[in-house]
Each structure stands twice: as structure tokens, then as C-alpha cells.
Amino acid sequence: MPTHSPITPLALALAREASQVAGGADAVAMLEPPANAEFGDLATNVAMTLAKQAKRNPREIADDLVGRIGSADGLAGYVESAEVAGPGFINLTLSPRWFAEAARAIAEAGDDYGRGQADPRERILIEFVSCNPTGPPHVGHARQAAYGDGVARILEYAGHDVTREFYVNDWGRQMELFGASVAARYGQLLGLATEVPEDGYQGGYVTAIAEKLRDEVGDRYRDQLDPPDAEVLALFALRGKELMLATITEEIARFRVRFDAFFSETTLHQGGAVERGLEALIASGDAYEHEGALWFRTTSYGDEKDRVLRRSDGSTTYLAADVAYHLDKAARGDDRLLDVLGADHHGYIARLRAVIAAGGHDPDMLEVPIVQLVSLTEGGEAKRMSKRAGTLVTLGELIDDIGVDAARFFLVQRSHETAFDLDLDVARAEGNENPVYYVQYAHARIAGILAQQPEAPADAGPPAELDPAERALLLQLALWPEVVHEAERRRSPHRVAAYLMDLARDFHAFYHRCRVVGEAPEVVAFRLDLLRATRSVIATGLGLIGVEAPDRM
RNA sequence: GCGCCCGUAGCUCAGUUGGAUAGAGCACCCGACUUCUAAUCGGACGGUCGCAGGUUCGAAUCCUGCCGGGCGCGCCA
């Protein structure tokens, strides 16, 4: 099954010929559709890149090369005409035979077209979202979820062995505060005057959890709340966390995001891993005592200042647990660790690299893609979001508002490294102004045609002539393998979303100019291959960003 | 002040081994349904690619400086 682009064999043949023209010099022929379709189907600048080492005029090289194309193996029969243009570009027009064979090959490869290009194939552990179990995931987490899951799917598609993990920060003062907040709401439900701590969690979801707890335990703890009993608070913290986590996993699953594991920070403390991590750092000279605290010498690894691991009061910091966690991850045998973090954590990268390096691993095994902020706009104005005021939009609310497909498409449409505004009015629209439907509609239209004309006539050769829209659509399909490859290398699902928009546009244009049902046999055969190929690439691409590809709309 | 990200059409943004006349969506305007889905298509409008230098056949892309915006800089997590 071919997973490569139908352009690849042409590029290889062209490079071979170019190398011979240039006296054996190494040649890599970049061969791609030109900016302007009037120049032809494909263009290459190989003559210009060879000009320097061959010490010849690029146009001269191009002329020689063009002279050989008509008889060159792998090019003859596929290239209809070749012209030299500008400073030394070579513009190629391809034959209907090439288009017909390419469409057939892509259609037959189906879901495998573009798959498995990772080189080398790696075992990759990707950690993302990892929001605290003290509240529901919000829009920022939604972007990280859409991004992380998209990256994971793309990595898997490329042939990597991927594990997805969610780190649960279920330890420390925040959990105590959370437990106290739940307990207070629970008390209120029983008619007590218990109050949520000043710096506690005020959101309405805390009350919802308290209600669930009341349903579970009734008024059993009523008399131990005022003043609060330590053991009861611990119990509320634990059960509250479990209920919160259940909500989080529920919303994440609804968002079509999958995790293989939820890793609890508490297990690191209780199992002694945190202490062992600190001892290892001390033993290797990476940690030292200063003013009663234990410091991690992260400056040795490029951080701007050293960081505290254990406070002078004896308690460990968040970093201490992260040391244990990352030493654990680094020792699992993965080739690469991906930590997807929000923009507000970018200062943490140096520390994490230090952990990996201090553990004796190559710090380059750790990659930390930073997902920039997303803000919501509605009615042309920024939607104010405040955790304190409880006006934060949660993942669940976003899904209820605009739907999973629109949310996932919009959140990965832009590069993760740029902050952007999500326009709720556009995302919510079920009409033509919503880009996600534009792509899905292309898929549904193809399904409609294929339902009417499922079988191609036998023994049909290539059509005599091609419509410009047919050429454009197939050439767009030919770019898919390079697009996924780039999305994999750059950890950039937005490349897939952008490509799907381009592909859908070429399809809709094709649809308007070219009919399928009732045309001449060789035309039907070619266009059916084209449709199957297009449907397959759209479905695969949408699948990689977690969006459904409906057959009817 | 230092670090990361960003500055491209009215708005939101694509554009990464440097390539020909810089693109899309939204908004606005003009056209196209007796046909396989008009959630569509065709056309028009819209640009000092933040500014100034540099590198070269060629720069939105690479380098330097400056201006502007977001985020971060804790013995918080």
C-alpha cells in the first residue's frame, strides 16, 4: 500500500535526471504545485539549487533537464509538457494518465495514505491537561486537551507508540482547602452556618459535589463540622477529589479525548518516591542545604536561579513531587517525553529539563510544547473570565454551547504557539459561516454521490481531458502526506485543520464544475477514484483532530 | 529589567529546509439552485507582511536594533 504522495516518484526521477545534467552533483528536487495554476501542475527550482555547485547558469541547466524529460524513466508518459520560466523554474504539466493512476492509488490506499511516516519511530509519553482536581477544566484546558489529543493521534498515525497520561495534583494545601470547602457546603446543606474558607473554592460546582456527598453519607458528619474535625476534613478532601475527578474524566471523554493513565501525585508521596528523588539529587550533588531549606541546583542546567525542594519548615514543594514524577517517567523506557503546558507555565521548562538531566538522561528527550492562551469573544466583545467571580467558562459549558466538533476544530485551527480569540458567535452558528461544517459538508456530499454511483465501469482508461478543478483537487490530495508529516514533526495539529479547509474548498469547486453520475465511463471511473480519495483523506484528517465525518448533514 | 510567545486584509488567523503576482475564514457588495446536498460556487472589495537596517539572484520567512501587545519571573501549585 503506498503511503507516499504520487508526486514523490516524479520528484525522485527528476532529481536523478538533474543530477546527471549537473555532472553527478547531489540533487534534491523540490516539486510542488506553483503559486499560480497557470504555470502548470507542478514546478521545481532544482536547476537553481544546482546552479551554484555546477557553476552553470540555472536556465541552461533547466533547458538541458527539460530536453531529457520526454524520454526519462518515470517521467515519460506522465509529463505532458515542461517549460523553463523566470530565473530557472521548470513548470510541468502532467498527463491525464498520471492523474488517473494517482487517484486510483490514493483511493486504494484509503486510510493508509500518508500513514506511518515517522522516522525514527519512537515510544512517546505525552502528558497533557493535568488540571487540578479542585475544579472543572476550563476553556484553557479545553485547548490543551484538543491540542494534546490531536498531537497524540497524529503521532500514532505517523507510527509512534504513544501513551497519554494525566497527572493529578491531588496533594498539598490546595486539597485541604478543597476538602474544607466541600465540608462547608455540606454543612450548609444540613442547615449549619459553616463557611467556605476565605481562600477556599467558591464555585458552584463545590456545592454540587457536597450534594452528592450528602446523598452518599446523609447527615453522618453533621456534628463534626463546627469546629471541623481533621479526619472528617481529610475524608471530604479525598471523596471530594474522587467526585471532582469523575466529573473531569467525564467531560474529557465527552470531548473525545482519551487518556491511558491518570497518575496520582499522592502515590509519589506515600510510596516514598518524593523522598528518594530528593536523596538522589543530594547524592549526585544537584541539591544542597541553604538557610534551612533544600535547594535544587537547576542553574547548572540553564535555569536562571536555583529552586527550593524542601522548605525550611520541612514540607516539600510542588517541584519536589515533579522531580519524582519526571524521574519516574524518564525511567519507563520511552524515547521521548512530551509535557504539554499552558503559557503560564513556560518558566517551568528549565526546571523540568534540569530534572531529566540530573537523572542522567538526555534533556533533549523532554519536549515541552507551550499552548498559548485562548480567549472567548461574543457579540464582538471579549468575554470576561474570572475564576474568583465564577464566570470561567468550563469545558462542559463550551461543549454544550458550540458542540464537540466545532470546539475541537476551532481550538486546533490556530497554531498552539499563538494566543487567539475564539469567536463564539461564529463557532455556535450552524450555518455557512462556520468553517467546521464547510469541511464536514464536503464529506457528506461525497457520501451522497457514492451512494448513487457506487460502482465504476470496468476497463476505463484515463479521460482524454481534465478539468482544471480535477487537477487542482488531485494535486491538493497529493500534498496530504507532506502535511501530516509536517504536523507530526512540528507537533502542530493546526496544519491538518488548515489543510482540510483547502481540500474542502477544492472539492466544493470540483463539485460545481464536474458531475459524476451519467458521464462517460472513463470520466466516471476517474471521478469516482477522486471522490473516494477525497472522502478518505477528509475522514482521516478530521479523525486526527477528533472531529466527526458525517455521511449526511 | 530578564525569559517565552506574538505583531500579515476591517476582525480572527494560515503562510518553517528563503522562491514567481502574500492567502483563508468572518464581515460587506454583485451574480449562480429544473442537475450527484445552495451548510455550496463564481466574481468584486480589501495589504507600508509593526518600524529601520543587514545578508543575496531572490526575504513575510534568516541576522541585528527599535516600537507595540500577551504571559511568566514565590520557601504558590
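Because only heavy atoms are used, hydrogens play no part in the values below, and waters and symmetry mates are left out as well, while side chains stay in. Numbered from 1 within each chain, the chains take letters A, B, ... in sequence-line order.
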Can you tabulate the close N/O pairs, meaning under 3.5 Å, that link protein atoms to atoms of nucleotides 21-23 of chain B?
unit_1  : atom_1 : unit_2   : atom_2 : d
rU21(B) : O4     : Asn36(A) : ND2    : 3.3

Checklist line | Non-hydrogen atoms of Pro493(A) and Ile545(A) that approach each other most closely | finding: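 Closest approach of Pro493(A) to Ile545(A): O-CG2, 4.1 Å.
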Check: Can you name the nearest heavy-atom pair linking Ala287(A) to Leu294(A), along with the distance?
Finding: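 The answer is CB-CD1, 4.1 Å.
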Regarding [N], can its base be found pairing with the side chain of [X] as donor and acceptor, where the two atoms are less than 3.5 Å apart?
X	N	value
Ser312(A)	rC75(B)	yes
Arg414(A)	rU12(B)	yes
Asn45(A)	rG19(B)	yes

Check: Can you tell me if Thr377(A) and Asp421(A) form a side-chain donor-acceptor pair at under 3.5 Å?
Finding: no
Next item on the list: Assess the side chains of His269(A) and Trp171(A): does a donor N or O sit below 3.5 Å from an acceptor N or O?
Entry: yes
[atom1] atoms of [N] and [M], separation to the nearest Å:
N	M	atom1	result
rG70(B)	rU12(B)	P	14 Å
rA9(B)	rA44(B)	C1'	14 Å
rA24(B)	rA59(B)	P	23 Å
rC71(B)	rG65(B)	C1'	24 Å
rC26(B)	rG18(B)	C1'	31 Å
rG54(B)	rU61(B)	C1'	15 Å
rU48(B)	rU8(B)	P	11 Å
rG47(B)	rA60(B)	C1'	12 Å

Note to self: Tell me every residue that passes side-chain contact (heavy atoms from CB on, under 4.5 Å) with Tyr167(A), counting only those two or more places apart in sequence or in another chain.
What the structure shows: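 With neighbours one apart ignored, the set is Glu127(A), Ser130(A), Asn169(A), Phe263(A), Glu265(A), Leu268(A), Tyr318(A), Ala321(A), Asp322(A), Tyr325(A).
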Checklist line | With sequence neighbours excluded, residues passing side-chain contact (heavy atoms from CB on, under 4.5 Å) with Ala498(A) | finding: Arg495(A)
Report the nucleotide, chosen from [options], that has the shortest atom-to-atom distance to any side-chain atom of [X].
X	options	answer
Pro435(A)	rA20(B), rG25(B), rA14(B)	rG25(B)
Arg445(A)	rC36(B), rC5(B), rU37(B)	rU37(B)
Gln174(A)	rA77(B), rC36(B), rU12(B)	rA77(B)
His346(A)	rC5(B), rG3(B), rC36(B)	rG3(B)
Val426(A)	rC71(B), rA77(B), rC26(B)	rC26(B)
Ala509(A)	rU40(B), rC13(B), rC41(B)	rC41(B)
Arg311(A)	rA77(B), rG15(B), rG25(B)	rA77(B)
Met30(A)	rU40(B), rU12(B), rU17(B)	rU17(B)
Glu417(A)	rC71(B), rC13(B), rU16(B)	rU16(B)

For atom [atom1] of [X] and atom [atom2] of [N], their distance in whole Å:
X	N	atom1	atom2	value
Asp322(A)	rA77(B)	CG	C1'	10 Å
Ile446(A)	rA39(B)	CD1	C1'	15 Å
Asp551(A)	rC36(B)	CG	C1'	15 Å
Gln372(A)	rG72(B)	CD	P	11 Å
Tyr438(A)	rA38(B)	OH	C1'	13 Å

Which side-chain N or O atoms in residues 308-315 of chain A pair as donor and acceptor under 3.5 Å with protein atoms at least two apart or in another chain?
unit_1    : atom_1 : unit_2    : atom_2 : d
Arg310(A) : NH1    : Glu275(A) : OE1    : 3.3
Arg310(A) : NH1    : Glu275(A) : OE2    : 2.9
Arg311(A) : NH1    : Ser315(A) : OG     : 2.7
Arg311(A) : NH1    : Thr316(A) : O      : 3.2
Asp313(A) : OD1    : Ser315(A) : N      : 2.9
Asp313(A) : OD1    : Ser315(A) : OG     : 2.7

Margin query: Over all strands shown, is Ile370(A) touching base, sugar-phosphate only, or nothing at heavy-atom distances under 4.0 angstrom?
Written below: nothing
Check: With sugar-phosphate meaning primed atoms plus P, OP1 and OP2, does His494(A) contact a base, only sugar-phosphate, or nothing at under 4.0 Å between heavy atoms?
Finding: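 Sugar-phosphate only.
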Next item on the list: Kindly state which residues belonging to residues 289-310 of chain A come within less than 4.0 angstrom of RNA chain B, counting heavy atoms of the residue only, listed by number.
Entry: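 Output list: Glu291(A), Ala293(A), Trp295(A), Glu304(A), Lys305(A), Val308(A).
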For nucleotides 30-35 of chain B, which of its nitrogen or oxygen atoms have a protein nitrogen or oxygen under 3.5 Å away, and what is each distance?
unit_1  : atom_1 : unit_2    : atom_2 : d
rU35(B) : O2'    : Arg515(A) : NH1    : 2.8

Margin query: Checking Glu482(A) now: which residues fulfil salt bridge (charged side-chain N to carboxylate O under 4.0 Å, His left out) with it, not counting sequence neighbours?
Written below: Arg489(A)
Notebook entry, point to check: Just the dot-bracket of RNA chain B, please: which string comes out with Watson-Crick or G-U pairs under 3.5 Å, [ ] for crossing, | for another strand?
Noted result: (((((((..((((.....[...))))..((((.......))))......(((((..]....))))))))))))....
Item checked: ring pair (Phe, Tyr, Trp, His ring centres under 6.0 Å) partners of Phe296(A), counting only residues at least two apart ->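 Checked Phe296(A) against ring pair (Phe, Tyr, Trp, His ring centres under 6.0 Å); zero matches.
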Margin query: Holding to ring pair (Phe, Tyr, Trp, His ring centres under 6.0 Å), I want the full list of residues that pass it with His443(A), two or more places apart in sequence or in another chain.
Written below: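 With sequence neighbours excluded, His443(A) shows a ring pair (Phe, Tyr, Trp, His ring centres under 6.0 Å) to no residue whatsoever.
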Notebook entry, point to check: Would you say a side-chain N or O of Arg490(A) is under 4.0 Å from OP1 or OP2 of rU17(B)?
Noted result: no
Under 3.5 Å, side-chain donor or acceptor atoms of residues 501-510 of chain A against the rest of the protein: list the pairs with distances, not counting sequence neighbours.
unit_1    : atom_1 : unit_2    : atom_2 : d
Asp502(A) : OD1    : Arg505(A) : NH1    : 3.1
Asp506(A) : OD2    : Gln476(A) : NE2    : 2.7
His508(A) : ND1    : Arg445(A) : NH1    : 3.0
His508(A) : NE2    : Tyr438(A) : O      : 3.1

Item checked: Under 3.5 Å: donor-acceptor pair, side chain of Thr8(A), backbone of His4(A) -> no
Check: So, the side chain of Asn132(A) versus the backbone of Thr134(A): is there a donor-acceptor pair under 3.5 Å, distance only?
Finding: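 Judged by distance alone, no pair lies under 3.5 Å.
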Notebook entry, point to check: Any stacking of Phe89(A) on rA20(B), going by centres under 5.5 angstrom and planes within less than 30 degrees?
Noted result: yes
Next item on the list: Assign the ring pair Phe178(A) / Tyr205(A) to parallel, tilted or perpendicular, where the plane angle (0 to 90°) is split at 30° and 60°.
Entry: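 Answer is parallel, since the angle falls under 30°.
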Side chains of residues 342-353 of chain A: which donor-acceptor pairs under 3.5 Å do they make with residues two or more places apart or in other chains?
unit_1    : atom_1 : unit_2    : atom_2 : d
His346(A) : ND1    : Ala343(A) : O      : 2.9
Arg351(A) : NH2    : Gly347(A) : O      : 3.1
Arg353(A) : NH2    : Asp364(A) : OD1    : 3.2

Check: Would the number of heavy atoms belonging to other residues, nucleotides or ligands and lying under 6.0 Å from CD of Glu289(A) be above 12?
Finding: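 Buried by this count: over 12 neighbours within 6.0 Å.
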